[in-house]
Every structure is written in structure tokens, then in C-alpha cells.
Amino acid sequence: MKDSLVPDPARIEDIRNETPDVVTLRLVFEDRGKMETFSFRAGQFVELSVPKAGESTFCIASAPSDRGYIECSVKKVGRVTEAVHMLEPGGIVGIRGPYGNFFPIEAMKGGNVLFIGGGIGLVPLRSLIREVLSARSDFKRLSVVYGARSERDLVYKDELDEWRTRGDMEVVLALDPGGEMEDWKGEVGYVPSVLEKRTIETKDCTAVTCGPPVMIKRVLGVLDGMGFCSSQVYTTLEMKMKCGIGKCGRCNIGPLYVCKDGPVFTYERIKEFTEEIF
Amino acid sequence: MSFGEKTVLGKDELFRILKSISEGCEIIGPVMEDGKPYFRPVEGVEDVAWDFDTTVNGIKEFFFPRRSVLYEQTNDGIRPFDPETDKKRIVLFSRPCDARALTITDRLFMGENQDRVYGALRANTVVVGLSCEKAGPHCFCLSVGGSPFGTEGMDVSITAVGDDEYVLDMVTDRGKAFFGNRGRKADSKRLQEFETLKKRAEESVERTMRIPKDLPSAFESDYWKEVSAACLKCGVCTYLCPTCHCFDIVDEGFYRVRCWDTCSFDTFSRMASGEDPRKDKYMRYRQRVYHKFSYYKENFGVYGCVGCGRCTKHCPVKTDIVEIVSSVDEKGMP
Amino acid sequence: MIGKIREAAKRMLDDGTVRLFLGYGKNGLGDTVPVFLKHKEDVEALYWDETCRYNLTRYLTDRDVICLEEGPVGVIVKGCDQKSLKVLISEKQVERDEIRIVGVVCSGMKDDNEEILSKCGTCDSWNPDETFCDIVIGQTVERKIEEDEYSDVEEVEALDPAQREKLWGKYFDRCLRCYACRNVCPLCYCKECILEQNDPEWVPPSASKENNFYFHIIRAYHLTGRCTDCGECERACPVGIPLRTINRKMIKAVKDGFDFVAGKDPEARSPLTRFRRDDREDFIT
Amino acid sequence: MEKKLKIVGFLCNWCSYAGADLAGVSRFQYPADIRVIRVPCSGRVNPLFILKCFQEGADGVLVSGCHPGDCHYQEGNYYTRRRMMMLKDLFCFFGIDKRRFHISWVSASEGKKWADVVTAVVEDVGAALRGSEKQ
């Protein structure tokens with residue numbers, strides 16, 4: 001029997017530096033058959049492991065429509081992520097997954113989508129945005145509000161430029177006050193405040209947000225104030241996870257396990273547990 | 001002998017049978033160590049205690065080991081560790097609460113994404129239970145659906161009925177296959193005696209836990225701060241609990257290891273970034289109570305508790321979960 | 001005695017001398033539990049008997065319960081607990097001004113089986129130190145102090161290395177790594193214990209005999225020159241590891257090596273943070 | 001030939017490391033079973049390092065610093081002396097053979113002494129291991 005806690009080896013094909021402490025790994029399963037059958041939906045995550053360091057949870061940053069590889073963006077914060085940063089192209093990591101639920105992209109079709117991200121929280125949104133863009137005509141207005149501490153902390157800079165210049169979506173970039181240089185042309189302010197200043201048509205609009213817990217908390221408040229119905233708002237949550245399959249017992253919010261019932265939740269679903277999340 | 005029918009055996013005969021059927025098996029049974037009873041692997045049936053109070057540990061660790069190696073990372077890739085599935089094991093004299101706990105953890109480990117280690121250890125082990133003649137001072141099994149004479153989770157149940165005689169009850173096909181037809185059919189006198197003893201045992205359970213109907217409503221109450229104030233955040237309650245099953249996965253050199261972990265610990269839900277959704281003591285204590293009496297029930301249909309009372313008995317500061325849960329309605333509602 | 005304890009607590013809570021009072025109470029089962037009182041009306045919850053084993057000074061550094069900066073806290077101490085408190089003060093974990101100490105004369109505590117605790121037999125401080133406590137409650141007990149022979153330690157020392165390894169192996173094999181010993185210890189107050197660090201990871205968290213061996217070495221070593229033998233670790237251990245024997249080994253070593261006994265003087269510094277130029281050298285290669 | 005041992009040596013930069021260097025330059029012969037980690041002062045040697053060595057499979061550990069009174073930082077090795085005294089005692093109590101853990105003072109000019117110390121340590125560690133194998 002295949003042990004669900006045993007990973008499959010994957011080779012690092014490429015490493016891109018996103019920010020001083022974030023890298024994006026392009027990963028290909030060693031077993032070609034596994035690569036071909038590996039399918040996931042935007043919003044799902046994998047357990048990525050480095051021998052001798054351990055295993056950690058990462059959202060898949062690439063889109064399901066990107067075939068032949070998966071990408072993960074890793075910020076250096078602890079033992080596993082530091083070990084990831086030490087790796088070089090050609091190195092081997094272990095991957096288990098995909099786990100968790102996903103963004104209901106079908107339900108978003110035909111309407112507007114508002115993406116709100118902060119810092120490394122753009123990762124799961126990137127997967128969704130790429131997926132949405134691969135079927136652009138199914139959606140109406142697309143807007144991205146994304147903020148980071150400073151300009152160098154913005155992830156996927158090239159892609160942000162590409163999105164901004166393609167003409168069929170709105171991209172608002174913001175830097176935390178004090179993080180901007182003189183030549184910064186975007187907004188200055190924390191994401192929730194930047195968001196608050198904008199007029200957004202809530203009808204037929206789905207809002208999707210991910211970022212640091214404090215940002216998500218405030219963004220949810222702002223969206224509430226704008227008139228978004230809590231079932232229109234999706235967030236993807238980060239909790240400490242180990243097993244990814246709802247057994248190890250640490251990632252629950254109330255009776256919901258983030259790894260199994262999430263990580264994507266509507267605001268409606270998690271409203272009563274906010275004390276435990278933020 | 002029809003299935004489900006009870007038979008009667010003398011102690012000597014029962015001993016001989018246990019000895020012969022456990023031949024070639026790894027035997028796990030209650031033994032005394034430094035004056036306290038524990039479940040341990042033993043050499044032979046003669047080492048096993050027949051009369052013992054609630055053991056310090058349950059039988060959980062023989063199915064969900066404190067530490068199990070999942071696989072080894074070698075130069076040639078990943079080499080999974082095989083639990084010894086062909087080795088037969090027999091657990092002797094599990095108390096009804098401990099055996100019942102297996103049926104509770106089964107729901108988690110044997111369901112979707114079955115756990116390989118747990119599954120293998122469950123499959124190769126026969127559980128022989130021993131009814132409790134009298135409940136201990138901390139027992140409250142009746143409140144959570146168990147009984148001192150319960151047979152859930154056992155393959156065979158044994159009950160002492162006096163005159164050094166034992167009533168055998170084949171609970172599962174596996175138990176029957178293992179034991180075969182043994183003993184003589186219990187006559188009505190014995191069966192009546194059995195029922196009397198059962199009633200007496202049930203009456204000896206002194207403690208009752210009143211589980212609130214609406215635990216979620218008390219979630220934000222300050223009650224949890226009060227009742228958890230003395231908690232030391234150690235893992236005694238959870239590690240000795242027969243149903244607590246939380247674990248961690250860590251790398252020890254090139255071995256990936258799954259080991260016990262508990263919601264009481266500081267590091268349990270703390271992320272590498274330092275964020276911790278349950279950073280305060282009361283949140284962790286509340287998590288433990290809610291996991292057992294609300295979430296587990298919601299997700300798996302049973303409480304994550306068998307009423308063995310170990311958590312209260314062994315708590316270094318005598319935090320009494322029975323009192324705490326029972327008083328929620330009265331003191332814990334906002 | 002209990003009347004006087006309640007009275008003292010009531011007075012302190014009433015006149016605002018303390019905002020919180022740590023004492024002993026009872027739970028529904030009749031077991032003694034630590035209680036934390038905020039209001040003078042609650043003092044009836046206080047109890048005193050021979051099952052008040054807990055060392056309440058442990059809670060003085062528990063940030064989930066007490067924030068000493070917010071105002072003084074009253075605490076009941078027995079003679080043995082008082083030693084831990086002196087170490088806590090000497091290590092600047094507790095300011096003497098932040099606490100009000102109610103010393104209670106103790107004539108030995110009993111375990112669940114009504115037997116007097118082994119630590120109480122050789123205890124030299126049944127009467128709390130009047131110069132250290134704010135109040136001492138109870139009649140001074142006159143008793144002949146038995147000389148501590150460290151016979152438990154010597155029994156182990158008499159074994160050869162392989163036998164010792166086997167002995168401790170037996171105990172450490174049982175260890176669940178529940179950390180009750182560490183968490184109940186008044187002197188294990190580190191905000192982040194090195195056992196919780198994973199980068200570097202000094203001991204893996206899984207409970208194998210070998211890992212447990214290193215865990216116990218670390219625990220014992222961190223208490224060297226600090227442990228006052230309050231015995232809480234051994235009492236808390238669910239699997240009966242004789243932790244006091246380990247601690248007492250180090251107490252003996254510190255006494256023999258540096259002529260130091262922890263918990264006597266709140267000004268004293270731990271012997272491992274000091275030295276003498278003529279310290280022993282007989283172990284040097 | 002006998003199996004090579006794995007002995008970790010923590011050597012202070014100012015004395016013992018220089019002493020070992022001198023032993024090399026002076027071509028004093030000593031067994032090559034020791035792997036040296038240079039530390040600024042023997043006082044830098046956290047007892048956890050020594051535990052980690054044993055945990056990771058070292059057969060023996062040697063901590064070596066300046067002679068008392070000669071510490072480059074005035075008094076670092078006095079603390080070392082106290083710490084190691086206690087640690088050695090504790091190891092013994094737990095059944096780790098005391099011959100597996102050594103502390104020595106070797107100055108920068110004592111090349112010969114370094115060679116002698118290593119020879120003695122290697123012999124001791126070997127004897128301890130042979131003893132435990134017999135058990």
C-alpha cells in the first residue's frame with residue numbers, strides 16, 4: 001500500500017530569485033508518469049520536503065494549465081525553507097500532494113474578480129490569476145490589489161508588469177508607508193487602506209484575498225464595509241500543517257481542518273472562528 | 001457454539017489456552033513496573049497481571065507508536081519502512097475503555113487516506129479484553145458511551161465471574177478464529193451472574209461527565225482562561241489519553257519520523273514565521289476540550305474520549321476535565 | 001492554620017497589597033489544586049493540608065497567568081518552595097518587591113497513598129525563613145534534621161558504567177517526553193526552551209530511548225547548581241522516573257565541587273557563573 | 001590495523017590549536033583519530049556541542065584550552081573547568097564511560113604535550129569502546 005506520508009522525489013529544474021528572501025522553484029517529478037498524472041486546481045498545496053531538514057506546506061504557485069512542471073515560491077523563515085534556499089538546480093526534494101480544496105473558478109465565471117494580496121500571499125493568487133487569464137474571455141473585469149513592504153519585496157515582478165500592461169486587467173501595487181523609494185509610481189499604504197479608497201462594484205464580483213493574517217483580517221472588514229456579501233469573499237488560510245490529510249490535528253479552525261476542508265474558505269464559513277485565526 | 005454465545009472456562013484452562021494461542025505471537029499485556037501497572041510487551045502469558053488498576057499507559061502506543069520511522073532517504077531514493085505486518089501480535093487484558101478507544105482512533109486513521117503504520121498494526125493484532133469488575137475513582141466511561149463490561153474494539157472479551165471462572169465472549173470473527181471453540185456453554189445461572197456483575201460494575205462508576213449540548217457557544221467565554229490557569233502545558237493528559245492522536249512529522253538525520261505531539265505544547269501550532277493561532281494557554285486547553293467533545297463528534301460521530309480518567313489521575317496539578325466540561329453550561333456560557 | 005492563611009490573603013487582596021493571590025484549593029473530586037484568587041470574597045476557596053504539595057512559585061514566571069509588571073502577587077510558600085523562590089530572585093526572574101510571600105510552616109506533605117513524601121524526610125526547612133517571608137503562618141516545628149546521606153545517588157554510583165547505562169535506559173525507555181518534569185519545574189522558566197528549537201535541533205522530539213537519554217542529560221545539566229530538590233519533577237512524572245536521584249546527584253556534585261547549595265541566599269550566583277582559581281583539576285587529562 | 005576512531009576535539013584558538021599546529025610543524029607523531037574544531041576559547045564550548053557529538057556518533061570528545069591563568073580572555077577557561085567538571089560527572093552517572101570525554105590544557109608551546117594528550121585520549125576512548133563491546 002502506498003503510504004500517504006511518503007513523498008515522491010522531484011527535481012528542481014530552475015530557481016528564480018523573486019525577492020531577497022523568496023525563491024521560486026520549478027519542480028518536475030522524477031517519475032515522468034507521476035508528472036503526467038499530477039493534476040491539481042488553483043489554491044491547492046503540497047508538502048515539500050528536504051532530507052535532513054523536514055517537511056513544510058507550500059501553495060502551488062503555478063497554474064493547472066501550466067503543464068509539465070509545478071512551481072512553488074518559498075520564503076526563508078525557518079529550518080525547512082532555509083534548507084530549500086540552499087538547494088541548487090538539479091537538487092531533489094520530496095513532494096506529497098496536492099492537498100486541500102481549491103478556488104471555485106467555475107463559480108467565478110461570468111463575473112468580476114478582485115484579487116487582494118499581501119507579501120508572499122500573492123502565491124496562491126498567482127496560480128488562480130494565471131488560470132483565470134488562460135480563459136480570459138470567461139470573466140469580466142479583473143483587478144489585482146497587491147502590496148508588499150517595499151519594492152524589492154514584491155514577488156513575481158515580471159509577471160506583475162505583464163499583467164499591468166496587457167490592458168484587460170487592472171493592477172494596483174502598493175508599498176507599506178516608509179517602504180517606497182522616490183521613484184515609486186504606485187500607491188503607498190497598507191493593502192486594506194489602499195483597497196478602501198477604491199470604488200468597487202460588488203455586484204457579480206468575487207473577492208479573493210491572501211496575505212499575512214493581520215492583513216486578511218482587515219481586508220475582510222473592508223470588504224464587508226464595501227457591501228460584499230460574506231459568501232462572495234474567499235480567503236486562503238495559512239496554518240501550521242504537518243500531514244496535509246487531516247490527521248495530525250493542528251491546523252483546525254473549529255471543526256474545520258485547513259488542510260482538508262480548506263485552505264480556501266468563504267468568509268461566511270469562518271466568520272465565527274475569527275478569534276482563532278487572527 | 002453459535003456466534004455471540006458466551007462460554008465459561010476455569011482459570012487454569014483459560015491460562016493454558018491463552019498460552020497456546022499466543023505461541024509465536026508478540027504478547028502485550030499489563031505488568032507491574034516499580035509498583036505501577038503498564039501495558040508492555042511481555043515474554044509470556046505467565047508474566048501478565050490478571051488483576052490490576054487502570055494502567056498508566058493505554059494500549060494506544062502499540063498501534064500508534066510514540067515514534068515510528070516512515071521512511072529512510074537514501075542515495076537511491078526513498079526507502080519506506082515496512083511495519084512488520086506478518087508478525088502476529090496479541091494484546092491481553094485490554095480494559096474496555098482502551099479497546100473502545102481503538103474504534104475511535106480507527107475512524108481517523110482507517111478512514112480516507114488510511115494510515116499505513118496504524119493500519120498494519122491494527123491488522124496484525126488480536127485484542128483480548130478483560131472487563132472491569134469495579135471502576136476506579138477517576139472512571140467515567142458511562143458518560144461517554146462506554147461501559148466497564150463493554151466489548152467494543154475487542155476481538156474476545158473475558159470476564160471474571162467468581163469461583164476462578166471466566167466468561168468468554170467472541171466479539172469478532174477474528175477473535176473466534178483465533179480462539180476456536182473453547183469452554184462450555186454458559187448456563188443460565190452463569191449468565192445471570194454475569195448480568196449481576198455487570199450491573200454492579202456499572203454502578204461502581206461514580207463519576208459522571210455532563211457534556212454540554214452546545215459547546216461551540218461557550219467558545220469565546222472567559223471560562224477557559226479560568227479553568228486552564230493552573231495547567232502546566234505538559235503532555236501528560238494527551239500522551240496518556242487513549243484517543244489523543246495528534247502527531248508531528250520530523251526528520252531525524254535521513255529518517256523521516258512520525259512522533260507524538262500535543263496541542264498543549266508551545267510549538268504545536270506555531271508557524272516558522274512565529275505566528276501562532278493558539279498562542280495562549282487557554283486557547284490550547286480549549287482546543288483539547290473542543291477537539292474531544294465537539295470537533296471529533298462533529299467529524300466522526302463519537303466523542304474523542306472513553307472516560308478512562310487518566311488525564312485527571314495523572315495531571316500534575318489535578319486539572320479535572322470531568323468537572324470542567326460538566327460545568328460549562330453553568331459557568332461557561334457567555 | 002487555614003483561618004490565618006485566608007485572613008492574610010483577604011487582607012492583602014482587600015487593601016490592594018496584592019492583585020492576585022496564589023494558594024491551594026480543592027477541586028470537585030477533593031483533590032488539592034493551585035488556585036489564583038483575585039477577590040477577597042474568594043478566599044474561602046483556600047485550603048491547607050498535607051496534600052498541598054505543589055510548588056506555587058512555578059506560576060510566578062508563567063506569563064499566561066501572571067504578569068508581575070501589572071502589580072504585586074501574593075504567594076504561599078512552604079520551606080522547600082521558598083528555596084526555589086530564592087533562586088528565582090537571584091536569577092532576576094522575580095523581583096522581591098513584586099511579590100508578597102506567605103510562608104507556611106509545613107510538617108511534611110503526603111502523596112496520594114497518604115505516605116509522607118521522601119523529600120520531606122530529609123527536609124531542613126520545615127519552618128520558612130522569617131527574614132525572607134512577609135508573613136510566616138504556623139507554629140515553628142522543632143525537629144531533628146536527618147542528615148541527607150544521598151544514599152539513592154550512591155547506590156547508582158556504586159554500579160559500573162554499563163549497569164548505570166542499563167538502569168537509566170530502563171527508565172528513559174519509559175519516558176514519553178511529555179515534559180511534565182520541565183513544565184512543573186519552577187526553575188525551567190525559559191521562554192523558549194532549547195528543546196523546542198529546531199534550528200539547530202539539539203535533541204529530536206521523538207521519544208526514543210536514545211533521544212530521551214540526551215533530553216535528560218540536558219534537563220539535569222541546566223539545573224546544575226540551581227536545583228533545590230523541591231521534587232516536583234519526580235512527582236509530576238507519570239511513568240515514575242526517579243528524577244530526584246538525577247537532580248540530587250548534581251546537587252551533591254555541586255556541593256562537593258564548589259561547596260555550594262542552591263536556594264539558601266537570594267543574592268547568591270549560580271556556581272557555574274562563577275569560579276575559583278583553585279577549583280579542582282583532578283579530572284583534567 | 002585497528003579501526004579508526006571518531007574523536008571530536010574542540011580546541012581554543014589561542015593555545016591548544018596553536019599547540020596542535022606546533023606538534024604538526026615539529027613532526028611529533030600522534031594518532032589521526034581526532035577531528036579538530038577550532039573555537040575562540042574553550043569557554044565557547046557549549047555542553048550541548050558535546051552532547052551533539054555523542055548523539056551524532058562520536059566515539060569520544062576532547063575539549064582543550066589554555067592553562068588556567070593563561071586564557072586569552074582572562075578567565076574563559078575557569079568557567080570551562082567548572083562546566084566540564086559537572087558535565088563529566090553527569091555523563092559518568094548516566095553510564096557514559098568517563099574515558100570517552102576528556103578535558104586538557106595545552107599551551108601554544110606544548111606541541112609535544114598535544115601529541116601526548118591525543119595519544120592518551122585515543123587510547124582511553126579505544127579502551128572504553130572495547131570495554132563496552134565486551135559487555
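Of the atoms belonging to C/P271, heavy atoms from both backbone and side chain fall under 4.5 Å from chain D. Only the side chain of D/F91 has a heavy atom closer than 4.5 Å to any heavy atom of chain C. Neither the backbone nor the side chain of D/L62 comes within less than 4.5 Å of any heavy atom in chain C. Of the atoms belonging to C/D256, not a single heavy atom falls under 4.5 Å from chain D. Proximity to chain D (any heavy atom under 4.5 Å) is shown, for C/I246, by both the backbone and the side chain. In this structure, the portion of C/W168 lying under 4.5 Å from any heavy atom of chain D is its side chain and not its backbone. Proximity to chain D (any heavy atom under 4.5 Å) is restricted, for C/T273, to the backbone atoms N, CA, C and O.
Taking 4.5 Å as the limit, some side-chain heavy atom of C/I284 sits within range of a side-chain heavy atom of D/W105. Looking at heavy atoms from C-beta onward, D/F93 lies in side-chain contact with C/V153 at the 4.5 angstrom threshold. Between C/F283 and D/I103, some side-chain heavy-atom pair lies under the 4.5 Å cut-off.
Residue C/D278 qualifies as enclosed at atom CG: its count of foreign heavy atoms under 6.0 Å is above 12. Within a 6.0 Å sphere centred on NZ of C/K252, heavy atoms belonging to other residues, nucleotides or ligands number more than 12. Heavy atoms of other residues, nucleotides or ligands lying less than 6.0 angstrom from CD of C/E192 number more than 12. Around atom CZ of C/R276, no more than 12 heavy atoms belonging to other residues, nucleotides or ligands sit under 6.0 Å away.
Expressed to the nearest 0.5 Å, how far CD1 of C/I217 lies from CD1 of D/I50 amounts to 11.0 Å. The CZ atom of C/F215 sits 12.5 Å away from atom CG of D/L51, with the distance rounded to the nearest 0.5 Å. Residue C/W202 holds its CH2 atom at 5.0 Å from CG of D/L48, rounded to the nearest 0.5 Å. Atom OG1 in C/T285 sits 12.5 Å away from atom CZ in D/R99 (nearest 0.5 Å). Once rounded to the nearest 0.5 Å, the distance linking CD of C/E165 with CG of D/D97 reads 9.5 Å.
C/R164 places a side-chain N or O within donor-acceptor distance of the main-chain N or O of D/C92, the cut-off being under 3.5 Å. The closest donor-acceptor contact from the side chain of C/Y214 to the backbone of D/K52 lies at 3.5 Å or more, if one exists at all. With D/E75 contributing its side chain and C/R274 its backbone, the two residues share no donor-acceptor pair below 3.5 Å.
Between chain C and the options D/M84, D/H102, D/R83, D/M86, heavy-atom pairs under 4.5 Å are most frequent for D/M86. Interface summary for chain D: among C/H216, C/K249, C/E157, C/R280, the most heavy-atom pairs under 4.5 angstrom belong to C/K249. Of the listed residues (C/L272, C/L159, C/D279), the greatest number of heavy-atom pairs within a distance under 4.5 Å of chain D belongs to C/D279.
When all heavy atoms are compared, the tightest approach of C/E281 to D/P68 is OE2-CG, 3.4 Å.
Residues D/F54 and C/F213 keep their aromatic ring centres 6.0 Å or farther apart.
Annotation: side chain to side chain donor-acceptor pair (under 3.5 Å) contacts of C/T131 (sequence neighbours excluded): C/D129.
At least one test fails for D/R81 against the ring of C/F275: distance under 6.0 Å to the centre or angle within 45° of the axis.
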